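The structure presented is a predicted model; accordingly, all values stated were derived computationally and were not measured.
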Amino acid sequence: MPCVEFRNIAKQYGRVTVLDELDLTVEDGEFLVLLGPSGCGKTTLLNLLAGLIETTAGTITIDGRDVTEADPKDRGLAMVFQSYALYPTKTVRGNLRFGLSSQKLDKAEVDRRVAWAAKLLQIEPLLDRKPGQLSGGQRQRVAIGRALVKNVGVFLFDEPLSNLDAKLRTEMRLEIKRLHNELHQTIVYVTHDQIEAMTMATRIAVMDGGVIQQIGTPDEIYETPANLFVAQFIGAPAMNMLKGTLKVAGDRVTAQLDEVGAELDLSGHAFASAPENGAPIVAGLRPEHFSVGQTAESEATSFALPVRYTEKTGGDATAFLNTKSDNGLLAVRVDPALVAALESGGDLAVSFPASRINLFDARSGQRM
Amino acid sequence: MTEIVASNPEVREFKSYPPKPRKLTGSSIAILVFLTMCAAFVAIPLYVIIVTSLKDMAQIRFGDIFSLPEVWTLEPWRVAWDEVCSGVTCEGVKIGFFNSIMILIPSLILSIGLSAVTGYALALWNVKWAGTFLFILFTAAFVPFQIIMIPLIIMSGIIKVYGTVWGVAIVHAVLAMPLLTLIFRNYYKDIPSEIMNAAIMDSGSFWKIFGEIILPMSGNIMIVVLILQITSIWNDFLIGLTFGGIGTKPMTVILANSVITSRGEVTYNVDMAAALLTAIPPLLIYFVLGKFFVQGITAGAIKG
Ligand SMILES: Nc1ncnc2c1ncn2[C@@H]1O[C@H](COP(=O)(O)OP(=O)(O)OP(=O)(O)O)[C@@H](O)[C@H]1O
Ligand SMILES: [Mg+2]
């Protein structure tokens, strides 16, 4: 059953259109991550759902109920904010209690829920402190607690981890994931951090310029990006993008990639529509799908290019090769043990399996 | 290991450095001279008032206003407080003191309450025409009281508060509103919008959010506004004179009357003592709350 549904949503600020004709469905119990670069409208979408800003057009339903005009407190939502937004003059307990102030509950029930959330988040020793006396991670827990006590079906998170340091972020990521696994609430989670999206989401909606570019499981988004934007946005180092032109001769489809000086055999590629001779394309090659040296695989494309520099990040290493175009770089994931042997300027022979190629129409940017 | 020990500040030997020589530059001399002049401007008359209030009339008749009292006496203070005549009653300025307190408290509550809530609504809620309203308020802040005095008297007569403490309080609240509302609004604008959003989702109630979240965060600005208002209400003369009834004249009015009312010789020492008695309450407030006043003005944004 769909839990949250956006239909034909538009949002304008004066003459600026931030969102237009946007449709999105979030299923019950889903962990949906809205992922996109800064300024693409993620927060706007979340605030529309929360009722903190008004839609210009369109309808929003939660659990089948039209809430487009409903008051924020009546929408059955709880939200965790980027800056935590704890009430500075209230104690942790006071903050949690205030979270329940729109629900008419008796005192015993309020105390029971506060105790439950405090136990779940291990903030019991902090209950009588003020937010100013807490560390960033503790504040985040309290903010989550204030959302949890409401016992609602849908949780909204707006970049909740972006103010934390790297180690704490990893911990809190696991914590939120654990809560989702235990409580099974629907979560809509906004971030611009793809690691967060990849590790936590059951589905990711990639946004750019107010438009949802692709929505799918983390694997789908990573393996089969729907367009050039998604392909380039997801993955670090980013996918290599090589321009070329299609050559169709009977059954045989090839593409000449001038930047690396190699010909790609695309006969086995599952094209979405019949390939057209002379069409400009972009071939996307993920750095980790390269293998160093020649492979026995007949489908693979091989070429050799000079190394510009290498980068080692702990267990991973990436070699950046000069392409034939000006200043072009090709990232190739290599075995860290090999790095010492690679010298700047020397050629590195690599090959790429045809099955892993992502092919895009250079004109529309769509996957072929 | 040794390096870790060395980097611990408590283990390190304490070195004392010679104090840096202070330079007296041209600009600092200019500032000092200017400040001294400013201080003298207030301090010299104040000195004269204080010493005069402690002299007896015998010495005052000689006319040297700067000399110290030959006989120190508190008698003028007692007379001013208890016996001096204002019009036909001779009960001292203490009547005015109690009247002023009676005016001060409702005026403070009304003016600060009204302005704080209006500022809160304008800063943190979507109020239609908020911009226009602010502009009108801003303009109103520049209208002199004398211009609207007569219509205000008529209006307060219509709502039957003319000549009562409440009449004075309402006029104080109305006149203070433009400036105070702007002060509160600018202060509340700095409250992070996420806190307000969280409160709207948690409670959604205008009054509950004001009472439980916003008011407790307003300590600094409340002190500033409190000092401003206590000073201006206490020192007010015109509103008290025109709107107060017979029994509700504030201390300033009683003071003026008692200085004017003279039988025979002018008792400068009693007049000075009465003036000082009238000026003491706002001064006291400055001494007690002055530290917070400076903090409140500079604090501005409230950090979560
Ligand atoms: N009140 C406003 N008036 C005008 N434009 C606005 C307003 N609020 C947001 N915008 C614009 O809407 C766009 C989307 O903003 P939004 O806050 O949703 O971005 P975001 O995806 O959350 O970005 P970030 O990752 O930086 O938080 C931005 O281009 C922003 O400039
Ligand atoms: Mg945002």
Side-chain angles (χ1 to χ4, degrees), chain A residues 43 46-54 67 70-91 94-104 110 130-134 136 139-140 142-147 149-150 152 154-160 163, chain B residues 112-113 116-117 119-132 184 186-226 292 295-296 298-304:
Chain A
T43 300
L46 209 63
N47 286 349
L48 285 174
L49 177 56
L52 296 171
I53 51 178
E54 276 179 41
V67 296
D71 252 16
K73 69 170 169 25
D74 300 327
R75 295 192 178 199
L77 301 169
M79 185 153 170
V80 178
F81 296 87
Q82 176 171 4
S83 64
Y84 323 129
L86 298 178
Y87 309 124
T89 55
K90 283 192 179 294
T91 59
N95 267 277
L96 297 189
R97 282 209 180 132
F98 197 80
L100 292 170
S101 54
S102 75
Q103 308 178 10
K104 306 257 176 304
V110 170
K130 296 269 176 75
Q133 302 164 319
L134 302 177
R139 283 182 210 184
Q140 191 57 71
V142 175
I144 294 173
R146 192 175 61 187
V149 288
K150 293 192 192 178
V152 292
V154 185
F155 283 90
L156 312 180
F157 289 84
D158 189 358
E159 309 205 23
N163 286 354
Chain B
I112 296 180
V117 172
Y120 156 71
L122 286 174
L124 300 174
W125 290 82
N126 284 325
V127 180
K128 273 210 179 104
W129 306 110
T132 320
F184 276 114
N186 288 352
Y187 187 77
Y188 289 148
K189 260 285 175 239
D190 285 342
I191 290 181
S193 62
E194 288 198 340
I195 289 196
M196 198 53 203
N197 282 344
I200 287 177
M201 291 187 73
D202 283 348
S203 153
S205 149
F206 181 90
W207 293 108
K208 198 172 166 83
I209 295 174
F210 181 69
E212 284 199 39
I213 310 293
I214 304 298
L215 212 51
M217 293 169 80
S218 317
N220 283 333
I221 201 68
M222 279 296 171
I223 302 248
V224 171
V225 167
L226 212 60
F292 302 104
Q295 275 174 8
T298 50
I302 312 147
K303 288 275 136 49

Contact origin within [X] toward chain B - heavy atom pairs under 4.5 Å:
X      : result
A:Q103 : neither
A:K130 : neither
A:R75  : neither

Practice task
Please indicate whether A:E54 has more than 12 foreign heavy atoms, meaning atoms of other residues, nucleotides or ligands, lying under 6.0 Å from its CD.
Solution key: no
Exercise for the section: Please name all residues satisfying ring pair (Phe, Tyr, Trp, His ring centres under 6.0 Å) with A:F155, sequence neighbours left out, ordered by chain then number. Expected result: none
Practice task
Please identify each residue that fulfils side-chain contact (heavy atoms from CB on, under 4.5 Å) with A:D71, with sequence neighbours left out.
Solution key: A:K73, A:D74
Practice task
Spell out the residues in residues 196-206 of chain B that have some non-hydrogen atom less than 4.5 Å away from a non-hydrogen atom of chain A, in order of number; otherwise answer 'none'.
Solution key: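 Result: B:N197, B:A198, B:A199, B:I200, B:M201, B:D202, B:S203, B:G204.
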Practice task
Could you tell me the separation between the OH atom of A:Y87 and the CD atom of B:E212, rounded to the nearest 0.5 Å?
Solution key: 9.5 Å
Handout entry: For A:Y84, all residues meeting side-chain hydrogen bond (donor to acceptor under 3.5 Å, both in side chains), sequence neighbours excluded
Key = none
Exercise for the section: Using modelled atom types only, decide if a donor and an acceptor are shared between the side chain of B:E194 and the backbone of A:F81 within a distance under 3.5 Å. Expected result: no
Fill in the blank from the handout: Among A:T89, A:N47, A:L100, A:V80, the residue with the most heavy-atom pairs under 4.5 Å to chain B is A:T89
Exercise for the section: Could you check B:I213 against A:K90 for side chain to side chain contact (heavy atoms under 4.5 Å, CB included), going step by step and ending with a plain yes or no? Expected result: CA-CA 8 Å; B:I213 310 293; A:K90 283 192 179 294; 3.7 Å; yes
